[in-house]
Each structure stands twice: as C-alpha cells, then as structure tokens.
There are 2 protein chains.
Amino acid sequence: MFKKVLVADDLGSINLGVLTIAKTLGLNNVERVEYCDDAYLRIKKGILDKDPYDLLITDLSFKEDHRTQKYPSGEDLIKVLRKEIPNLKIIVYSIEDRLQKVRRLISQYNVNAYVCKGRKGLEELSKAVKEVYEDRVFTSQQVSQALTNKTTLDIDDFDILLLRNLALGKSQEEISLDFKQKKISPCSLSSIEKRLNKLKIQFSANNTIHLVAIGKDIGLI
Amino acid sequence: MFKKVLVADDLGSINLGVLTIAKTLGLNNVERVEYCDDAYLRIKKGILDKDPYDLLITDLSFKEDHRTQKYPSGEDLIKVLRKEIPNLKIIVYSIEDRLQKVRRLISQYNVNAYVCKGRKGLEELSKAVKEVYEDRVFTSQQVSQALTNKTTLDIDDFDILLLRNLALGKSQEEISLDFKQKKISPCSLSSIEKRLNKLKIQFSANNTIHLVAIGKDIGLI
DNA sequence: AACTTCATTACGGGTTTCCGGAATTACCTT
DNA sequence: AAGGTAATTCCGGAAACCCGTAATGAAGTT
C-alpha cells in the first residue's frame, strides 16, 4: 500500500474522517495540512529528503483567511504538482459534483481519482485509494459520466473566456476590442455573436443572460 | 447542558467531528441523521414521546440522491421547525459564508447560531453551543457583519424575484406580462427597467448580465 | 493556378434594452 | 377634501443586441 500520504483539506472534521479511513486501509504514514501552500512545500521537501509522498488526497476549495496563498485552490495546487511531479498519485475529494469542473480536472490534469464528498464519501474514498494503488482511475458514481458523456465537450477555452468576460459586465463590443488588442483569434463582433449563438443553442438558453446564468450553475465559469 | 441533541449533516466525516466535540462538551445524548426529513421526523417523535430534543445542529445543503425529500435543504427544515416548534434551539453549521444568505437565515428564521465550516469550525461550534445554552446568539467572525452591516438590506423579495426570472432567460417584457398576470405590484416594463437600474447602481454592475452574475456569486439568487 | 471548404469578418434591418423626462396614480397628512 | 410625496406608468430616442446573408480570407486539393 502507499507508504507516505498527504491529505489537504481545510475542514478539520473532514480530515478526522479521512484519517480514520486511512488507518483501516493500513496507511500508517498519513499527514495532513490545511493550506495548499503547505501541501506544496511538504511534497517538495519530501522529494529533497529522498522520502517522497506517493499519494495526495486533496479538496478543491479552501477558505480564504488572513494567510495569503500562492495556490489558493486545490486546482492551482494540482496544476503545479502535475507539471513538476507527474508521477505523483492524486485523489480529489470534493463536494463539487458539477460535471464540467470534474471533466476539466480529469482531462486536463489527469487526476487519478475524483471522489465526491457525500453520504457515501468515505466509503468511496476508501475504494478510490485501493483502485489508484492498482493504477486504475476511479470516479464517484454520480460524476462518472464526466468521463464518458461528451455532450458538452465541444466547448473550448475561447467559449469560457467569452462567458467570463460577459459575466464581468463587458459589452460584446468591448470584448471584441479587448480580443483584438490581445490578438485572440476570432475577435470581430460578428464572430463573438456567432459563438454566443452556438452556445445558446447548445445550452438551449433563451438569451445571453440565461446563458451566463447556466454557465455559472454548471460550474463552467 | 443540553439534554438531547440532533445533528443533521449528510457528510459522514463531518458528523464524526461534531460528535467528538459534543463529547468534550458533556453532551451525552447526541444523535445524527443524514437527511432533513429524518431530522424532522425524529424531532416530532421526540415531542410525542415527551422526550423532546432541545438542540438541533444542521447543515444547509444536502446532496440529492435516490430518496426524494419533502425538505431537501436545511433552510426548508429550519423554516418548518421554526413555525411548529419556535422554542427549539437551532445552530446552523454550514460552509456557506455569503452574507446575503446568512442574513436571510438569521433575520427570517431567528436561528440561534450560525457557524461557518472551516479551519476553526469545530472550535467555533463548541463555543456556539455554550453561547446558545446561555440564550445568546452566536455567529462566526467572518459572517458577524451579516447582523450589523445593512449595506444591501434594501433589497426586497421583488428584486430577487426579478433577478431570478432574468436568470431563467425571460425577457423584461415577458416578466412584465407574467407579473401582470400574477398581480405582482410593479409590473410595467418601465418599472422593471427602473428597478434593474437601481440594482445596477447598488451593485455597481455594468449591465444586466453583470448584475445577474453578481447576484449568483453572492448567493442572492 | 483554379477550386473547394471552412472560418472569419462585414453589413443591414429588426428587436430588445437603456435612459431620460413627463404624466398618472396611490397613499399619507392635515 | 386638499395638498404633498413617492411610486408607478407611459413615452421616445439612443444604444446594444439579435440574426440572417454576403463578402473576404486562409487553408488544402487537384
């Protein structure tokens, strides 16, 4: 089984549950941190000391407090770790069950498991640890379609950027000018209109407000 | 100290932490449920059996699953309990720290404490139990301004209804017609425009899309 | 080089929204 | 009942958005 495990979660009570499960799995060397920055430092230190962690279990959202963080969210942490230490096993353990977000994490960062916090969360986490140890990918039942279902997969970064800009209150013309300045490929007002139209059809949104609201609901932006 | 306590939370691991804290506080009779409906039934049964609960600690958001619920959220549960059993002490223990939501809960339902799940969550919960036992209201530091700060208090149900309708993709004219049919007081297109303008100024939103996005972010809709 | 294809851009007219001001109505005070 | 204030409604022009079509441009094919 895994020799050295790190758990990153800012809720003390969650950590407590995870540590309990860990014991029953025969994980004897489990440490916990409450900040992503601490997680990063510990993992780097483990490598320097020739005693690296071989599993990270992390939440996605961490509350902000007085400590300013370099990696404020679990996603930031995963991003940098995947780049620097690609062979580290990572299990995400989060309340977040919106498919778009799960899909991004799995496809972009190749996390080894995605477990939803919930009534059966700890059981599933336990299963995930075993599966990941056998080099398989695990996802909770409720988000498993994130891997298979391709319905909204033809939404690219441009679409998200566009929606984010709209949600920030920019007009379509302002966005067009902004894109022109930043040399972002389709930058004409017409193209932006067309893209929005495509998105409205895909999400069956009545208008742009509806579209942005849906985008927020499903965790796209 | 409290004689009979019920904890409602769908995350097993959270419950574990809460139960641990409860013991250190000298609460010997603590039960837990994972669904709001179960909480309601137990509390009602307690009264019938002449052995009522005197404290409820509940989360706000419960995951949906195969079981269809009469009270799907903690807010629904609180609403009905406050109406039927006004003297029951209620502590909300939730990850939710958006002021608007907290404000609604405290002012509308008079919950006795609001504790944010977080790094110090369990400590604060412990403090909250003691305070509530002394008939005082407790709120976590980070949301304490929900009680004092009145900045956005002049937003009424009409505003929220309006924003919700917009987020659902209705045009302003459709909303106007809808309001006319439902006899909702200001229903003219012009009034709707004026109200939106007021909200845009209050939230310093550039346009309606921005306004709806902000509304979603702060938990207003 | 001519052709096809596809993405991007440009344009025009209709609709919705935005933003004043003015008129009307509702409600409260005296 | 008269008067005053605030909310609501009506109106009109400017701006933004919507939507279809046509023009342009950048590939790759033969």
Side-chain angles (χ1 to χ4, degrees), chain A residues 150-217 220-221, chain B residues 150-217 220-221:
Chain A
K150 306 290 181 189
T151 47
T152 50
L153 206 64
D154 45 353
I155 288 169
D156 57 23
D157 292 343
F158 181 85
D159 295 314
I160 293 175
L161 185 63
L162 188 50
L163 292 180
R164 288 216 173 109
N165 272 291
L166 285 174
L168 288 175
K170 292 193 197 168
S171 73
Q172 294 174 201
E173 189 166 6
E174 281 173 325
I175 295 173
S176 166
L177 292 173
D178 188 45
F179 282 7
K180 274 190 183 108
Q181 201 169 4
K182 292 182 183 159
K183 315 278 184 202
I184 296 174
S185 67
C187 60
S188 74
L189 184 58
S190 183
S191 290
I192 288 173
E193 289 173 354
K194 281 210 188 335
R195 195 63 80 105
L196 284 176
N197 211 38
K198 187 202 73 177
L199 290 171
K200 280 179 216 163
I201 293 168
Q202 277 186 29
F203 289 110
S204 40
N206 297 337
N207 53 44
T208 312
I209 296 177
H210 197 188
L211 181 63
V212 171
I214 292 172
K216 281 222 171 270
D217 282 340
L220 198 61
I221 51 179
Chain B
K150 308 288 181 187
T151 47
T152 50
L153 206 64
D154 46 352
I155 288 169
D156 57 22
D157 292 343
F158 181 84
D159 295 315
I160 293 175
L161 185 64
L162 188 51
L163 292 181
R164 286 218 175 107
N165 272 292
L166 285 174
L168 288 174
K170 291 192 196 166
S171 74
Q172 296 178 16
E173 190 166 6
E174 282 173 326
I175 295 173
S176 166
L177 294 173
D178 188 43
F179 282 7
K180 273 188 185 111
Q181 201 169 4
K182 291 181 183 159
K183 315 276 186 205
I184 296 174
S185 68
C187 60
S188 76
L189 183 58
S190 182
S191 290
I192 288 173
E193 289 172 355
K194 283 210 185 337
R195 195 63 80 104
L196 283 176
N197 211 38
K198 187 203 75 176
L199 290 171
K200 279 179 215 161
I201 292 168
Q202 277 187 30
F203 290 109
S204 41
N206 297 337
N207 53 44
T208 312
I209 297 177
H210 196 188
L211 182 62
V212 171
I214 291 172
K216 282 222 172 271
D217 282 340
L220 198 62
I221 50 179

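Note that the structure is predicted; figures quoted are calculated from it, not measured. Letters A, B, ... mirror the listed sequences (proteins, then strands); counts begin at 1.
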Is there a side-chain contact between [X] and [Y] (heavy atoms, below 4.5 Å)?
X: Leu166(A); Y: Leu211(A); answer: no
X: Asn206(B); Y: Lys170(A); answer: no
X: Leu163(B); Y: Leu199(B); answer: yes
X: Asn207(B); Y: Lys200(B); answer: no
X: Ile214(A); Y: Gln202(A); answer: no

Write down the distance between [atom1] ([X]) and [atom2] ([N]), rounded to a whole number of angstrom.
X: Asp156(A); N: dA7(C); atom1: CG; atom2: P; answer: 12 Å
X: Glu173(B); N: dT17(C); atom1: CD; atom2: P; answer: 8 Å
X: Glu193(A); N: dT16(C); atom1: CD; atom2: C1'; answer: 14 Å
X: Lys183(A); N: dT8(C); atom1: NZ; atom2: P; answer: 17 Å
X: Asn165(B); N: dT17(C); atom1: CG; atom2: P; answer: 13 Å
X: Leu196(A); N: dT8(C); atom1: CG; atom2: P; answer: 14 Å

May I ask you to check whether over 12 heavy atoms, not counting those of Glu174(B), lie within 6.0 Å of atom CD? yes

Positional range of nucleotides in DNA chain D within the contact set of chain A, heavy-atom, under 4.0 Å: dC17(D) to dT21(D)

What does Gln172(A) touch in the nucleic acid at a heavy-atom separation under 4.0 angstrom: a base, only the sugar-phosphate, or nothing? sugar-phosphate

When all nucleic acid strands are considered with a 4.0 Å heavy-atom cut-off, which category describes Asn197(A): base, sugar-phosphate, or nothing? sugar-phosphate

Heavy-atom nearest nucleotide on DNA chain D for Ile209(B) versus Lys194(B): which residue maps closer to 5'? Lys194(B)

If the cut-off is 4.0 Å, is Lys200(B) near the phosphate of dC18(C), judged by side-chain N/O to OP1 or OP2? yes

DNA chain C: 5'-proximal contact among Ser171(B) and Cys187(A) (nearest heavy atom): Cys187(A)

With respect to Gln172(B), which candidate in Leu177(B), Leu196(B), Asn165(B), Leu162(B) satisfies the side-chain contact (heavy atoms from CB on, under 4.5 Å) definition? Leu196(B)

